[in-house]
There are 2 protein chains.
Amino acid sequence: MSNAWQQEVLAEIKAGGRISDGDIVRQVRRAVLAQRLPPGTRLPEVTLGEVFGVSRSVVRKALTRLASEYVVDQRPNQVARVRSPDVDETRQTFAARRLVEGELAALTAGTLPSTVLLQIEDRADRERQAFLANDEPSRIEHSLAIHHLLAEHSPNRVLGTMLTDLILRTSIVIALYKRQGLGSCYLEGDHHRLLEHLRSGDAAASRNDIEHHLDSLMGLLDLGPRDSRIDLKSILGGEG
Amino acid sequence: MSNAWQQEVLAEIKAGGRISDGDIVRQVRRAVLAQRLPPGTRLPEVTLGEVFGVSRSVVRKALTRLASEYVVDQRPNQVARVRSPDVDETRQTFAARRLVEGELAALTAGTLPSTVLLQIEDRADRERQAFLANDEPSRIEHSLAIHHLLAEHSPNRVLGTMLTDLILRTSIVIALYKRQGLGSCYLEGDHHRLLEHLRSGDAAASRNDIEHHLDSLMGLLDLGPRDSRIDLKSILGGEG
DNA sequence: GCCACCACTGGTGTATACATATGATGCGCC
DNA sequence: GGCGCATCATATGTATACACCAGTGGTGGC
């Protein structure tokens, strides 16, 4: 487990009060998304417990939840490891999100209160600014916020929750398979265009915006035969 | 907790060897589906542990998993209870399953090996027989098996897993909201028709079959204003 | 020199004890 | 008689101890 990450976690812990399993889940999620915990990283219960200052009971619950989110791999009698989805799963995850988020956009078009629309607009503006300032972490944060707003305020809570999960999973594989040398996954105008169609209530156009957006996003990934090399590395390298 | 159920569980335990959290998950799922554990039923950890002959550690893990499947409601410092989805969630769950299973049927059409097609055909035949014999539990088992086969053998494993979850959730609400006095939710011919379209590779027709099937199924439910009475009952009655 | 076996270490699986929160009950006061 | 508060029973939250399992390295036999 990375030491830098450990330091950061400790800092956050000092600030807050007691640590619950939910906190651990959030922290690990964030670290995996930011690739501070690369795929294959071992996550022993005792070590995590020491890092967070809690006992194995709490850690176990957190790991179980992370496993149900497909963030870590938990096998009987073996240490939990950060999951490493292969290219097939990546394509399938994108296809699933395309279906769910497209439908959700169509369902949601024309139903959002102006407060939410303004939140989305604000995020889209700040995403563009972050992109221009070359601040990729901030850009990602704002981009994710837009999609999460759509998930949270959709009229179908069941599909909304499913989308929340899929956003996480796609974010992980984007971080994993982003084409080398590509500074940002920003798609100029996509979010603003979607916003206008959501505002005007054009369901078909909104669905189309989402589908096109996700297709473009997946197009920025490197899903070629390189995957065999990755699998090999994770098998041979171990610690990554 | 129902005593009859306790007896049945004990019987199954005697037969098998040791009990793991997965076994508990399966048993509780089954009991909820069969309404042997009605919504609102309290599921204290110690009691469950005594029933299954294991300690709270195992039970806790099982309950966490059941909560992530939306079968039970787990709130901090309170006993876990069997969840009771309201009519809104019921409609949304059906809408979600309609979307996912429709897409999956379209994706899967024409790709299934003949062994799987024969399994589906066998289940459809036996479902009809069970219906004619008025054996509703068997009919439900075969019906579920068909949809699970579709989920398991679809080319998209991510969507397939999502469908597996949605089948469970819709089954629960079907048991909950089935119109009183309705003996069976059998829809004559639906599964055989779907089978033929899957076999011939007609994606559009397969999707249409699924969507029509689920619409008809939801039509058999009683989702009227009666729900207010149900909520009232569960609030006032407590033990249900 | 190579293969099989064995002990060891690191880690999870499970049970249990203690701390703490929550809902119910019954008493006393108003 | 009704309302509020103390008290208790019940159940969960957390930590910890012990048993078991898996991978690993070394060692002895062949």
Side-chain angles (χ1 to χ4, degrees), chain A residues 1-3 6 9 13 16-28 37 40-68 71-83 234-240, chain B residues 1-3 6 9 13 16-28 37 39-68 71-84 234-240:
Chain A
M1 203 151 28
S2 136
N3 260 343
Q6 201 162 331
V9 165
I13 287 172
R18 245 179 220 79
I19 301 298
S20 77
D21 59 308
D23 298 316
I24 301 179
V25 169
R26 264 186 298 277
Q27 294 277 6
V28 174
L37 291 177
T41 307
R42 292 160 50 92
L43 299 172
E45 298 175 357
V46 280
T47 313
L48 275 180
E50 287 165 6
V51 170
F52 286 99
V54 295
S55 89
R56 283 178 55 210
S57 322
V58 186
V59 173
R60 279 178 74 80
K61 187 160 185 176
L63 284 176
T64 302
R65 287 180 51 183
L66 285 166
S68 79
V71 175
V72 307
D73 218 359
Q74 220 182 6
R75 317 167 94 108
N77 291 317
Q78 260 169 282
V79 289
R81 287 167 174 274
V82 176
R83 242 171 71 88
S234 81
I235 290 169
L236 299 176
E239 287 305 302
Chain B
M1 204 151 29
S2 137
N3 259 341
Q6 202 162 331
V9 166
I13 287 172
R18 245 178 220 80
I19 302 296
S20 77
D21 59 309
D23 299 314
I24 301 179
V25 169
R26 264 186 298 278
Q27 292 278 5
V28 173
L37 290 177
T41 307
R42 293 160 49 93
L43 299 172
E45 298 175 358
V46 279
T47 313
L48 275 180
E50 287 164 6
V51 170
F52 286 98
V54 294
S55 89
R56 285 178 53 210
S57 322
V58 187
V59 174
R60 280 177 75 81
K61 187 160 186 177
L63 285 176
T64 302
R65 286 180 51 182
L66 286 166
S68 80
V71 175
V72 307
D73 218 359
Q74 219 183 6
R75 318 164 91 110
N77 291 315
Q78 261 169 280
V79 286
R81 287 167 173 274
V82 176
R83 242 170 71 89
S84 139
S234 81
I235 291 169
L236 298 176
E239 288 306 301

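Worth saying up front: this structure is predicted, and the values here are computed from it rather than measured. Just so we're on the same page: letters track the sequence lines, and every chain starts at 1.
With sequence neighbours excluded, the residues that form a side chain to side chain donor-acceptor pair (under 3.5 Å) with A:D21 are A:R65. A:S20 pairs by the side chain to side chain donor-acceptor pair (under 3.5 Å) definition with A:D23, not counting sequence neighbours.
Look at CD1 on A:I24: it is 14 Å from P on D:dG13, rounded to the nearest Å.
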- request: Would you give a per-nucleotide map of nucleotides 17-24 of chain D, 5' to 3', where B means the base has a protein non-hydrogen atom under 4.0 Å away, S means only the sugar-phosphate does, and - means neither?
  value: B---SS--
- prompt: Reading nucleotides 5-10 of chain D 5' to 3', which nucleotides get B (base under 4.0 Å from a protein heavy atom), which S (sugar-phosphate only), which -?
  reply: ------
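Of the two residues contacting DNA chain C, namely A:V79 and A:S57, the nearest-nucleotide position lying further toward the 5' end is that of A:V79. Sequence order on DNA chain D of the closest nucleotides to B:V46 and A:V58 puts B:V46 first from the 5' end.
With rounding to the nearest 0.5 angstrom, the OG1 atom of A:T41 is 14.0 Å from the CZ atom of A:R83. One finds the CD atom of A:Q27 at 10.0 Å from the CG atom of A:L37 (value rounded to the nearest 0.5 Å). Rounding to the nearest 0.5 Å places CD1 of A:I19 at 9.5 Å from CZ of A:R26.
Protein chain B contacts DNA chain C from C:dA15 to C:dG23, reading 5' to 3' and using non-hydrogen atoms of the protein with a distance under 4.0 Å.
Listed by residue number, there are no residues of residues 59-68 of chain A with a heavy-atom contact under 4.0 Å to DNA chain D.
Of the residues listed (B:V25, B:V82, B:L66, B:L63), the one engaging B:V71 in a side chain to side chain contact (heavy atoms under 4.5 Å, CB included) is B:L66, and it is the only one.
Counting only heavy atoms from C-beta outward, the side chains of B:L43 and B:V79 never approach each other to under 4.5 Å.
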Enumerate, atom names and distances included, each donor-acceptor pair closer than 3.5 Å involving a side-chain atom of residues 54-62 of chain A, sequence neighbours excluded.
residue, atom, partner, partner atom, Å
A:S55, OG, A:S57, N, 3.2
A:S55, OG, A:S57, OG, 3.2
A:R56, NE, A:E45, OE1, 2.9
A:R56, NH2, A:E45, OE1, 3.0
A:R60, NH1, A:E45, OE1, 3.4
A:R60, NH1, A:E45, OE2, 2.9

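The shortest non-hydrogen separation linking B:R81 to B:G40 is NH1-O, 2.7 Å.
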task: For side chain to side chain contact (heavy atoms under 4.5 Å, CB included), just list the numbers for A:I24 and A:V28, CA-CA rounded to whole Å, side-chain angles, deciding distance to a tenth of an Å, and then say yes or no.
output: CA-CA 6 Å; A:I24 301 179; A:V28 174; 4.1 Å; yes
